[in-house]
Amino acid sequence: MGSSSNDDFSVFVLASDLGVDATPFLTNQPGQGSGPGDDEETNENWQDCSQYLVADEDFSDLDLLQFFSLQGSDRSGCRIFRVVGKHFPAQVVSAERLKKYIFHKICSQLPEGPFCIVYMHSTVQKEDNSPGITVLRWIYEELPGNFKGRLQTVYFIHPCLRSRLAIATLGRLFLSGGLYWKIKYASRLQYLWADIKKGELEVPDFVQDHDDVLEHRPLTDYGIEPDPFHLSAATANPYSLGRYEERWASREFAL
């Protein structure tokens, strides 16, 4: 105390202070702790998609869920990967297995050329269906470089207020710039049809039902339920007031 010092100091911000999972940031990244020759070998393997095709890995259980499937093409000719958030069991599928499955699907099914992702956020519950933004960033960052360049757009269907705020704030920190600016919101399915023909994308019934609810109650987009008891749907009795009028009239004549 009282004496000046020119020593440098460092400030550490723990991931727990930000309320996020630090696992993706603590894993070894390609090229760290290796010499120039090792970097070249790593880059070659990084572009080789065959390393993700694991023959003895059984993904039949995840295929049955249909949360990640190849569909048709958008109006620009990009193949579509459809992601149905409600179908993903986040509590029972680990981040590592999710990454292997996504890489397996992309490498085995996606043809050459650009592609896009249509993510359906309809009725998603964060605790049950969301793997977390850091896991998604980790998976995207480990994609081969050529696949990152081929990904043109991420259509985000039925975003809620919480998801918009999370991406607008944490997304700038935990999503790379290339991915962040590829996200395109569509609060209604009708806005999606401007970029994708209806026959090119299969829409689950519950997604269409949710879209109908939002169309009639737009404040639900912002977490506001204007008629929680559905009183507006109740039918009024046109004769209730008439009975009281007749009773009042009979009393007047009685007087």
Side-chain angles (χ1 to χ4, degrees), residues 47 49-50 52-54 57-90 93 97-124 129-131 135-137 139-140 142-160 163-164 167 175-176 178-215 221:
Q47 304 296 334
C49 194
S50 61
Y52 302 111
L53 299 177
V54 183
E57 186 80 19
D58 184 16
F59 294 114
S60 58
D61 56 333
L62 299 183
D63 286 333
L64 290 175
L65 298 176
Q66 291 292 304
F67 70 87
F68 189 72
S69 60
L70 185 66
Q71 302 274 298
S73 304
D74 66 4
R75 296 182 184 273
S76 300
C78 302
R79 293 303 304 270
I80 302 171
F81 265 115
R82 187 195 67 176
V83 180
V84 183
K86 185 65 175 179
H87 291 170
F88 176 66
V93 179
R97 190 159 191 254
L98 175 61
K99 186 194 76 170
K100 289 181 179 180
Y101 179 66
I102 291 177
F103 283 17
H104 176 80
K105 295 282 285 188
I106 291 177
C107 294
S108 62
Q109 297 184 3
L110 183 65
E112 292 295 331
F115 71 99
C116 64
I117 294 176
V118 176
Y119 168 63
M120 299 180 177
H121 191 66
S122 318
T123 69
V124 164
N129 311 121
S130 177
V135 173
L136 297 178
R137 174 190 182 274
I139 294 176
Y140 176 79
E142 292 209 0
L143 275 175
N146 63 324
F147 283 98
K148 294 180 186 178
R150 290 164 59 187
L151 176 60
Q152 302 299 305
T153 311
V154 178
Y155 297 96
F156 199 120
I157 313 302
H158 295 152
C160 62
S163 61
R164 283 180 177 268
I167 294 178
L175 296 179
S176 63
L179 178 60
Y180 178 82
W181 296 109
K182 292 179 181 180
I183 299 176
K184 184 176 182 179
Y185 295 105
S187 59
R188 300 291 185 277
L189 290 174
Q190 62 176 334
Y191 303 135
L192 181 65
W193 305 139
D195 298 308
I196 301 174
K197 294 181 180 180
K198 289 186 177 181
E200 298 290 331
L201 179 67
E202 181 181 355
V203 179
D205 292 338
F206 78 91
V207 175
Q208 183 63 60
D209 294 341
H210 185 70
D211 193 77
D212 295 338
V213 170
L214 296 179
E215 186 66 26
D221 285 340

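Heads up: numbering here begins at 1 and tracks the sequence. Please read all numbers here as calculations on a predicted model, not as lab measurements. Values below: every heavy atom of this structure, side chains too, minus hydrogens, waters and symmetry copies.
Remark: I117 CD1 to Q71 CD distance equals 13.0 Å, nearest 0.5 Å. If you take OH on Y180 and OH on Y140, they are separated by 14.5 Å, rounding to the nearest 0.5 Å. Put simply, CD on Q208 and OG on S122 are 9.5 Å apart, with the number rounded to the nearest 0.5 Å. I102 CD1 to L143 CG: the interatomic distance, rounded to the nearest 0.5 Å, is 8.0 Å.
Between V118 and D74, the closest side-chain pair of non-hydrogen atoms is not below 4.5 Å. Put simply, the side chain of V207 does not reach to within 4.5 Å of the side chain of D211, judged on heavy atoms. Between F88 and L65 the shortest side-chain heavy-atom distance does not fall below 4.5 Å. Counting heavy atoms from C-beta outward, F67 and L98 have side chains that approach closer than 4.5 Å. Residues H210 and H158 have side chains in contact (heavy-atom distance under 4.5 Å, counting atoms from C-beta outward). Using a 4.5 Å cut-off on side-chain heavy atoms (C-beta onward), L70 and R79 make contact. The shortest side-chain heavy-atom distance between T153 and C78 does not fall under the 4.5 Å cut-off. Y185 has its side chain within reach of I167: a pair of non-hydrogen atoms, C-beta onward, lies under 4.5 Å apart.
At most 12 heavy atoms of other shown residues, nucleotides or ligands fall within 6.0 angstrom of atom CD in E112.
When atom types are taken as modelled, the side chain of R82 and the backbone of F68 share no donor-acceptor pair closer than 3.5 angstrom. At least one donor-acceptor pair under 3.5 Å links the side chain of S163 to the backbone N or O of C160. At least one donor-acceptor pair under 3.5 Å links the side chain of Q152 to the backbone N or O of R150.
For D212, there are no salt bridge (charged side-chain N to carboxylate O under 4.0 Å, His left out) partners two or more places apart in sequence or in a different chain. Residues forming a salt bridge (charged side-chain N to carboxylate O under 4.0 Å, His left out) with K86 (at least two apart in sequence, or on another chain): none.
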Solution key, residues 191-202 side-chain donor-acceptor pairs under 3.5 Å, sequence neighbours excluded:
from: W193; atom 1: NE1; to: L189; atom 2: O; distance (Å): 3.4
from: D195; atom 1: OD2; to: K184; atom 2: NZ; distance (Å): 2.7
from: E200; atom 1: OE1; to: S73; atom 2: N; distance (Å): 2.9

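Shown here for P131 and L136, the closest heavy-atom pair between the two residues is CG-CD2, 3.8 Å. Nearest heavy-atom pair, S187 versus P159, reported as atom, atom and distance to 0.1 Å: CA-CD, 4.1 Å. The heavy-atom pair separating A90 from S130 by the smallest distance is CB-O, 3.6 Å.
Note: F115 and F81 have perpendicular aromatic rings, judged against thresholds of 30 and 60 degrees for the angle between ring planes. H104 and F59 have tilted rings, their planes meeting at an angle from 30° to 60° on a 0 to 90° scale.
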| message | Let's go through E142 and F103 carefully: what are the C-alpha distance in whole Å and the side-chain angles of both, what is the deciding distance for side chain to side chain contact (heavy atoms under 4.5 Å, CB included) to 0.1 Å, and is it a yes or a no? | response | CA-CA 9 Å; E142 292 209 0; F103 283 17; 4.1 Å; yes
| request: Give the intermediate values and the outcome of ring pair (Phe, Tyr, Trp, His ring centres under 6.0 Å) for residues H87 and F206. | output: CA-CA 11 Å; H87 291 170; F206 78 91; 5.6 Å; yes
